[in-house]
Amino acid sequence: QVQLVESGGGLVQPGGSLKVSCTVSGRTFSSTAMSWFRQAPGKEREFVSGFGWTGIDSYYADSVKGRFTISRDNAKNTLYLQMNSLKSEDTAVYYCAARTSRRTVYSGNSYDYWGQGTQVTVSS
């Protein structure tokens, strides 16, 4: 059974930084395409960042480009999202997701497995 478990969320002031993690079990992590999504209250889930099918190329939403960095440690079966220069509009539940086929990285419908989410709140 594939499980994705996020951690590292919390409360941070505007302009601050936070790093969230997602640990994967039950599947060969190195051959799994991984991404981050988020959902703010009253809004639809949106793509934040993800790796392409080969795990080499990375993609970002325009709203986070230059501020967020996605990375992975295959030895630890863990995906990361380093978030810098955080803004109040980054407040959301952040989810990691895994897809097992070559579908678009940007759509949530492409993903087969999801974590339970971790809350990130940016507020003074």
Side-chain angles (χ1 to χ4, degrees):
Q1 183 178 357
V2 179
Q3 286 190 317
L4 284 63
V5 179
E6 299 97 336
S7 61
L11 174 64
V12 62
Q13 292 187 342
S17 298
L18 200 63
K19 188 174 186 177
V20 293
S21 304
C22 171
T23 301
V24 179
S25 61
R27 179 172 175 84
T28 303
F29 181 71
S30 59
S31 63
T32 303
M34 302 292 300
S35 292
W36 289 97
F37 287 77
R38 68 185 181 186
Q39 187 166 21
K43 294 188 177 181
E44 294 187 353
R45 181 180 59 195
E46 65 175 355
F47 171 81
V48 175
S49 180
F51 283 104
W53 182 244
T54 63
I56 297 174
D57 296 332
S58 56
Y59 302 87
Y60 296 90
D62 288 342
S63 59
V64 307
K65 204 170 292 183
R67 300 188 298 122
F68 290 11
T69 303
I70 191 171
S71 63
R72 64 192 295 162
D73 185 335
N74 289 340
K76 295 183 178 179
N77 289 357
T78 302
L79 178 76
Y80 302 100
L81 184 68
Q82 175 68 47
M83 302 180 287
N84 299 329
S85 301
L86 282 161
K87 306 175 182 179
S88 58
E89 50 263 45
D90 295 317
T91 296
V93 177
Y94 284 71
Y95 299 91
C96 64
R99 58 191 172 94
T100 59
S101 61
R102 196 188 293 261
R103 291 172 285 186
T104 175
V105 67
Y106 298 106
S107 171
N109 293 332
S110 297
Y111 294 82
D112 305 287
Y113 304 100
W114 294 83
Q116 83 288 350
T118 186
Q119 176 70 48
V120 173
T121 302
V122 184
S123 175
S124 55

**Q** In the single-linkage hydrophobic clustering (I, L, V, M, F, W, Y; side-chain heavy atoms under 4.5 Å), do Trp114 and Phe47 co-cluster?
**A** yes
**Q** Hey, does Tyr60 have a side-chain heavy atom less than 4.5 Å from the side chain of Thr69?
**A** yes
**Q** Using a strict cut-off of less than 4.0 Å between a Lys/Arg side-chain nitrogen and an Asp/Glu carboxylate oxygen, indicate whether Lys65 and Asp62 qualify as a salt bridge.
**A**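 Looking at Lys65 and Asp62, the cut-off is met.
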**Q** Do Glu6 and Val20 touch side chain to side chain, with heavy atoms closer than 4.5 Å?
**A** no
**Q** Is there a donor-acceptor pair under 3.5 Å between the side chain of Ser110 and the backbone N or O of Thr104?
**A**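 Checking the backbone N and O of Thr104 against the side chain of Ser110, a donor-acceptor pair under 3.5 Å is found.
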**Q** Please tell me if the side chains of Tyr95 and Leu4 come closer than 4.5 Å, counting only heavy atoms from C-beta onward.
**A**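 A side-chain contact is absent here, since even the closest heavy-atom pair is not under 4.5 Å.
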**Q** If we check side chain to side chain contact (heavy atoms under 4.5 Å, CB included) with Phe37, which of these qualifies: Tyr94, Tyr106, Tyr111?
**A**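 It is Tyr111, the one option of Tyr94, Tyr106, Tyr111 that forms the side chain to side chain contact (heavy atoms under 4.5 Å, CB included) with Phe37.
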**Q** Does a side-chain heavy-atom distance below 4.5 Å link Ile70 with Met34?
**A** no
**Q** Is Thr91 reaching over with its side chain to a backbone N or O of Val122, donor-acceptor style, under 3.5 angstrom?
**A**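 Judged by distance alone, yes, a pair lies under 3.5 Å.
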**Q** Considering non-hydrogen atoms only, spot the tightest contact between Gly50 and Ser35 and give its length.
**A**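 Heavy atoms only, the tightest pair is CA-OG, 3.2 Å.
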**Q** Determine whether a donor-acceptor pair (N or O, by modelled atom type, separation under 3.5 Å) exists between the side chain of Ser21 and the backbone of Tyr80.
**A**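 The answer is no, because no donor-acceptor pair under 3.5 Å joins these two groups.
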**Q** Does any part of the side chain of Arg72, heavy atoms only, come nearer than 4.5 Å to the side chain of Val24, both counted from C-beta?
**A** no
**Q** If I compare all heavy atoms of Arg38 with all of Ser63, which pair ends up nearest, and what's the gap?
**A** NH2-OG, 3.5 Å
**Q** Is there side-chain contact between Val64 and Glu46, with at least one heavy-atom pair below 4.5 Å?
**A**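 No. Closest side-chain heavy atoms not under 4.5 Å.
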**Q** Taking all atoms of both residues into account, what is the closest heavy-atom pair of Ser101 and Arg103, and its distance?
**A**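 Result for this residue pair: OG-NE, 2.6 Å.
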**Q** So, for Gly52 and Ala33, which heavy atoms are closest and what is the spacing to 0.1 Å?
**A**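 Heavy-atom minimum between the residues: O-CB, 4.3 Å.
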**Q** Heavy-atom count around Glu44 CD within 6.0 Å, excluding the residue itself: above 12?
**A** no
**Q** Which atom pair, heavy atoms only, marks the closest approach of Ser49 to Leu81?
**A**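 In terms of heavy atoms, the two residues are closest at CB-CD1, 4.2 Å.
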**Q** First locate atom CG of Leu11, then atom OG of Ser124, and finally report the distance between them rounded to the nearest 0.5 Å.
**A**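 That separation rounds to 9.5 Å.
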**Q** Can you establish whether the number of heavy atoms outside Arg102 located under 6.0 Å from its atom CZ is more than 12?
**A** no
**Q** Hydrogens and angles aside, do Asn84 and Ser17 bring a side-chain donor and acceptor to less than 3.5 Å of each other?
**A**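 Yes, side-chain donor-acceptor contact under 3.5 Å.
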**Q** Can you tell if the side chain of Val120 reaches within under 4.5 Å of the side chain of Met83, non-hydrogen atoms only?
**A**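 Answer yes - side chains close enough.
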**Q** Report whether Trp53 and Tyr113 are members of the same hydrophobic cluster (ILVMFWY, side-chain heavy atoms less than 4.5 Å apart, transitive linking).
**A** no
**Q** Is the NZ atom of Lys43 crowded by more than 12 outside heavy atoms at less than 6.0 Å?
**A**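 Count not over threshold, so no.
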**Q** Which residue pairs pass the disulfide bond (SG atoms under 2.5 Å apart) test with at least one member in residues 93-124, sequence neighbours excluded?
**A**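 Non-adjacent pairs meeting disulfide bond (SG atoms under 2.5 Å apart): Cys22-Cys96.
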**Q** To the nearest 0.5 Å, what is the distance between CZ (Phe68) and CG (Asp90)?
**A**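 With rounding to 0.5 Å, CZ (Phe68) is 4.0 Å from CG (Asp90).
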**Q** Between Ser25 and Asn77, is there a side-chain heavy-atom distance shorter than 4.5 Å?
**A** no
**Q** Closest approach of Arg99 and Thr32, non-hydrogen atoms and distance?
**A**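 Smallest heavy-atom distance, with atoms named: O-CG2, 4.0 Å.
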